[in-house]
A.B. asks: 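Here it is: the structure, laid out below.
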Amino acid sequence: MQKQIQQIDRVIIRFAGDSGDGMQLTGDRFTSETAAFGNDLSTLPNFPAEIRAPAGTLPGVSSFQLHFADHDIMTPGDAPNVLVAMNPAALKANIADLPRGADIIANTDEFTKRNLNKVGYLDNPLEDESLADYRVHPIPLTSMTVKALEDFDISKKDAERAKNMFALGMLSWLYHRPTDGTIRFLERKFASKPVIMNANVAAFKAGWNYGETTEEFSVSYEVKPAALPPGLYRNISGNLALAYGLIVASRSSGLSLFLASYPITPASDILHELSRHKRFGVQTFQAEDEIAGVGAALGASFGGGLGVTTTSGPGISLKSETVGLAVSVELPLIICDIQRAGPSTGMPTKAEQADLLLAMFGRHGEAPVPIVAARSPSDCFDAVLEAVRLATKYRTPVLLLSDCYLANGSEPWRIPEIDSLPDLQVEFASEHNHTDEDGTPQFWPFQRDPETLARPWAVPGTPGLEHRIGGLEKADGHGNISYDPDNHDLMVRLRQAKIDGIARDIPPLEVDDPDGDARVLVLGWGSTYGPIGAAVRRVRRNGAKVAQAHLRHLNPFPTNTGEVLRRYDTVLVPEMNLGQLSLLLRARFLIDVIGYNRVRGLPLKATELAGAIQDVVDSART
Amino acid sequence: MTETANTNQPFAGLELVPRTDAKQTAKDFKSDQEVRWCPGCGDYAILAAFQNFLPELGVPRENLVIISGIGCAARFPYYMDTYGFHSIHGRAPAIATGLAASRPDLSVWVVTGDGDGLSIGGNHLIHALRRNVNIKILLFNNRIYGLTKGQYSPTSERGKITSSTPVGSLDYPFNPISLALGAGATFVARTIDSDRKHFTEVVRAATDHNGAAFVEIYQNCPIYNDDAFEPLKSPQSRDDRLVRLRHGEPIRYGAEEEKGLRLGKYGGLEECAGDDEGVVVHDASVEDPSYAFALSRLDNEEFTHTPIGVFRAAPRTTYDQLMREQIEEVTRKQGEGDLETLLTSGDTWRIT
């Protein structure tokens with residue numbers, strides 16, 4: 001039977017199952033196939049903090065959402081068009097997100113009375129009328145997988161475990177995905193277990209063949225490649241982009257990378273990744289705690305290395321004192337905060353942007369720190385290069401803000417040409433910089449560069465520049481301990497002026513206002529970039545005028561920020577917190593911005609946000 | 001150097017540190033800053049002894065780094081004309097670890113105290129010792145908090161009356177030597193502020209050790225805990241109490257060396273006559289730390305027996321060396337990293 005092929009411009013698929021069902025792997029593979037095919041894409045993994053929550057329960061559900069399209073897209077999508085539900089828990093946990101008419105592919109083998117009861121279904125929803133609004137495809141994925149593998153010399157359990165590959169094969173057929181990559185992947189992954197490898201490949205192919213022959217699917221779908229700017233592309237997650245950025249920064253600055261971190265979700269992957277790149281001279285140090293992580297990184301910076309620590313909110317709380325010390329001794333240091341939902345342990349695998357004020361103010365004393373925020377998974381690469389540029393040029397700790405969504409989410413990335421990467425070359429002090437009254441040359445560790453106000457970075461091992469630094473207040477210039485009131489006042493102001501002065505060294509805030517006559521500005525920062533962009537497009541398609549801007553630097557703000565804000569009647573600030581940027585903007589610019597705040601642990605939904613923007617535009621018009 | 005374990009080469013801990021033939025004196029290591037400890041503080045003696053010892057090493061000043069935390073002892077780096085870092089309460093071992101692991105050409109010293117190293121910074125101390133990073137840790141133990149004005153410390157004897165314990169402290173104290181040994185320290189020693197010769201021998205032995213060295217220094221605080229170590233210093237009592245450990249020599253003490261130590265029940269050590277045939281011959285190089293631990297347990301709040309000298313000097317490969325070797329090994333096998341290869345690894349596609 002020749003099946004019909006339908007052209008669509010985009011689709012959102014969510015794979016959902018038990019934590020042990022391999023949904024993240026399935027999603028990753030589908031993503032790779034999609035990337036190789038040339039679609040634009042955006043992904044949202046969503047999994048519990050527990051490694052293996054009790055099987056078949058709601059807390060154990062793990063999902064992976066992929067949005068792909070024939071045009072450039074900005075988010076992993078609000079509502080899936082297709083849900084693959086490997087068990088009743090996966091159906092129950094995700095059904096509320098599905099719009100009417102969505103496809104549900106359910107693994108009927110798992111819809112047993114026991115499994116249904118576990119999640120509170122009295123009747124089998126696949127058999128009653130409760131899913132009448134959806135297109136349900138009940139498919140016995142497990143038993144078909146086991147049947148497809150009956151000739152293999154493997155246990156029933158191992159055969160059952162390949163059901164995710166069967167599902168992947170079926171979806172690959174349904175959306176015309178290339179298959180070579182997945183077969184190569186399975187060959188690599190199970191190279192040491194040929195039987196398991198062949199079984200998985202067979203399950204994958206069986207799924208594909210099932211899609212082609214079954215009457216369950218009368219239509220398959222084609223999403224044409226997207227017209228992205230020319231170049232070499234790969235798919236990349238935020239944490240991977242951040243790790244690569246650090247390696248590149250180390251090379252272009254000429255500084256040895258020393259990463260000192262304590263394991264914490266969702267930052268650990270950066271430690272894992274960098275520990276694999278020793279051939280770049282990367283030193284990774286798994287510290288005994290968060291404090292030792294930042295301490296060792298600062299020690300490496302003192303020695304002339306690129307000291308970096310990676311963590312999430314709870315770790316930032318612990319590192320605060322050392323970040324303050326780095327402010328005081330004016331040494332470069334990179335602190336990466338992969339934000340997660342708080343307070344306290346909160347929701348370790350869910351996203352939030354609620355550490356902005358912690359980054360801004362979370363130290364005792366006047367301790368200003370530049371803050372750089374990444375806006376998309378691939379942008380973590382550029383953001384960390386910028387953080388390193390500021391840290392080394394201004395001899396200051398820099399806080400880089402990413403979050404759980406950026407860390408684990410992925411998108412196509414146009415790989416930069418090596419020649420186009422920024423030159424971050426650093427010069428250490430090598431000579432005396434002061435002459436005392438009797439003509440003796442001296443080294444003054446706090447003699448500042450008149451333009452940047454940065455102090456010289458004189459590393460141990462440099463003859464003649466021996467000096468002492470510390471957390472006690474230092475006298476301006478020679479840097480010896482000083483309790484002089486006027487000196488302290490001066491030093492506090494100098495440290496502040498140094499950070500404030502960075503505003504002159506960063507690009508102005510760019511506004512996207514196509515006709516130049518919008519009266520409403522939507523201003524965001526960090527990972528809300530995608531949802532805001534998608535929402536703004538939606539509102540503009542409806543004919544409304546709205547301007548959009550996004551902050552990369554949260555401290556200091558670009559010099560034109562106040563002027564931009566004042567240009568609009570209304571400024572809407574969407575954030576995944578209760579209004580932290582809003583607070584800063586009101587305080588700094590005396591402009592009463594309007595907040596749009598959601599703290600659900602998930603990226604903002606573009607459709608909801610579009611509604612909020614439309615409301616603001618409508619009320620600005622009246 | 002009778003007290004040095006024979007497994008260590010002279011200055012083995014300075015293997016990768018440049019050396020100079022230029023003549024150095026103690027004065028070369030004195031900074032221009034006025035020393036501001038209280039009159040009579042044991043820290044003065046330690047500072048002077050340390051500055052007098054350094055010329056022996058022949059390490060250029062610029063390759064010496066002293067890192068401290070917070071407390072009276074932590075002011076030490078300001079008085080040394082070397083590179084120095086006065087950091088955060090308890091965190092010096094962490095900062096020193098990052099520096100030493102990334103800069104093998106530096107001789108890195110940590111100066112800490114009983115509050116800094118054993119209370120707020122206990123975690124970093126034990127982990128630095130466990131990892132065996134090539135840093136030398138001098139712990140000034142005065143059994144009191146000085147800079148915060150006289151509260152009891154984790155080494156204060158029980159029942160101590162202090163500003164925070166007006167009717168006596170309740171805590172059982174740490175034995176720093178036992179703690180260091182328990183953490184797997186490869187070099188553990190104790191000395192006393194007032195005995196410059198002994199101090200110098202111990203610090204020299206620490207420098208001969210390639211790896212983390214832990215040196216506890218009994219140090220007098222004349223203001224808040226004066227004469228805390230008097231039984232070990234007074235000519236009337238010290239000979240009966242101080243047990244001087246000398247590598248390769250029988251452990252005897254007393255004015256006439258009439259007492260000795262022999263193996264007791266349950267793995268401990270006990271006092272015996274100096275001429276007892278079971279007198280233990282001290283061997284700091286024993287790999288198994290049980291013996292050194294037994295020695296450390298002799299010390300008590302009353303100083304009945306207080307061993308000083310090198311308890312343990314049993315080198316093993318340092319963390320920093322292993323870290324370098326891993327990088328070299330991987331680079332040798334895989335070749336030096338290439339950025340373009342890195343960025344284009346995995347599945348890529350070209351859009352034209």
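Below, all heavy atoms of this structure are taken into account, side chains as well, without hydrogens, waters or symmetry copies. A, B, ... follow the sequence lines: proteins, then strands. Residue 1 opens every chain.
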A.B. asks: Going from CD on B:Glu340 to CD1 on A:Ile418, what distance comes out if it is rounded to the nearest 0.5 angstrom?
C.D. replies: 5.0 Å
A.B. asks: What is the distance from atom CD of B:Glu62 to atom CG of A:Leu465, rounded to the nearest 0.5 Å?
C.D. replies: 9.0 Å
A.B. asks: Go through the atoms of A:Pro229 and report whether side chain, backbone, both or neither lie under 4.5 Å from a heavy atom of chain B.
C.D. replies: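 Just the backbone, heavy atoms under 4.5 Å.
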A.B. asks: Can you pull out the residues in residues 301-309 of chain A with any heavy atom less than 4.5 Å from chain B?
C.D. replies: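 Listed by number, the contacting residues are A:Phe302, A:Gly303.
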A.B. asks: Using the side chain to side chain contact (heavy atoms under 4.5 Å, CB included) criterion, which residues pair with A:Lys189? Sequence neighbours excluded.
C.D. replies: A:Leu25, A:Phe185
A.B. asks: Do A:Tyr233 and B:Thr344 meet the criterion of a side-chain donor-acceptor pair at a distance under 3.5 Å?
C.D. replies: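 Result is no, nothing qualifies.
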A.B. asks: When you compare the side chain of A:Arg414 with that of B:Ile351, does any pair of heavy atoms fall below 4.5 Å?
C.D. replies: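 In short, these two side chains do not touch, never coming nearer than 4.5 Å.
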A.B. asks: Evaluate salt bridge (Lys or Arg N to Asp or Glu O under 4.0 Å) for B:Arg131 paired with A:Glu288, printing each intermediate quantity in order.
C.D. replies: CA-CA 10 Å; B:Arg131 285 193 192 96; A:Glu288 60 269 23; 2.8 Å; yes
A.B. asks: How far does OH of A:Tyr244 sit from OG of B:Ser345, to the nearest 0.5 angstrom?
C.D. replies: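 That separation rounds to 3.5 Å.
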A.B. asks: Determine yes or no for a side-chain-to-main-chain donor-acceptor pair under 3.5 angstrom, with B:Arg350 supplying the side chain and A:Pro230 the backbone.
C.D. replies: no
A.B. asks: Do the side chains of B:Leu342 and A:Phe280 get nearer than 4.5 Å, heavy atoms only?
C.D. replies: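 They are in contact (side-chain heavy atoms under 4.5 Å apart), so the answer is yes.
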A.B. asks: Taking every heavy-atom pair that is under 4.5 Å apart, which of B:Asp105, B:Thr97, B:Leu106 has the most such pairs with chain A?
C.D. replies: B:Leu106
A.B. asks: Would you please go through residues 115-125 of chain B and name the residues with a non-hydrogen atom below 4.5 Å from one of chain A, in numerical order?
C.D. replies: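 If one takes a 4.5 Å heavy-atom cut-off, the residues of residues 115-125 of chain B near chain A are B:Asn123, B:His124.
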A.B. asks: Is the closest side-chain heavy-atom distance between B:Asp347 and A:Arg234 below 4.5 Å?
C.D. replies: no
A.B. asks: Strictly less than 4.5 Å between heavy atoms, which residues of residues 63-85 of chain B line up against chain A? Please order them by number.
C.D. replies: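 So far as heavy atoms go, B:Asn63, B:Val65, B:Arg75, B:Pro77, B:Tyr78, B:Met80, B:Asp81, B:Thr82, B:Tyr83, B:Gly84, B:Phe85 are the residues that approach chain A to under 4.5 Å.
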A.B. asks: If you compare all heavy atoms of B:Ser87 against all heavy atoms of A:Leu325, which two are closest, and at what distance to 0.1 Å?
C.D. replies: CB-CD2, 3.8 Å
A.B. asks: Need one label for A:Val294: side chain, backbone, both or neither, based on atoms under 4.5 Å from any heavy atom in chain B.
C.D. replies: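 Neither the backbone nor the side chain of A:Val294 comes within 4.5 Å of chain B.
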A.B. asks: So what's closer than 4.5 Å to chain B heavy atoms on A:Phe258: side chain, backbone, both or neither?
C.D. replies: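 Just its side chain gets close to chain B.
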A.B. asks: If you compare all heavy atoms of B:Leu343 against all heavy atoms of A:Trp413, which two are closest, and at what distance to 0.1 Å?
C.D. replies: CD2-CH2, 4.1 Å
A.B. asks: For the pair B:Glu336 and A:Arg279, find out whether any cationic side-chain nitrogen is under 4.0 Å from an anionic carboxylate oxygen.
C.D. replies: no
A.B. asks: Considering all heavy atoms of both residues, which atom of A:Ile247 and which atom of B:Leu339 are nearest to each other, and what is their separation?
C.D. replies: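 Residues A:Ile247 and B:Leu339, closest heavy atoms: CG2-CD2, 3.9 Å.
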A.B. asks: Between B:Ala94 and A:Ala292, what is the shortest heavy-atom contact and its length?
C.D. replies: CB-CA, 3.7 Å
A.B. asks: If you round to the nearest 0.5 Å, how far is CD1 of A:Ile291 from CZ of B:Arg91?
C.D. replies: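 Here the rounded value is 4.0 Å.
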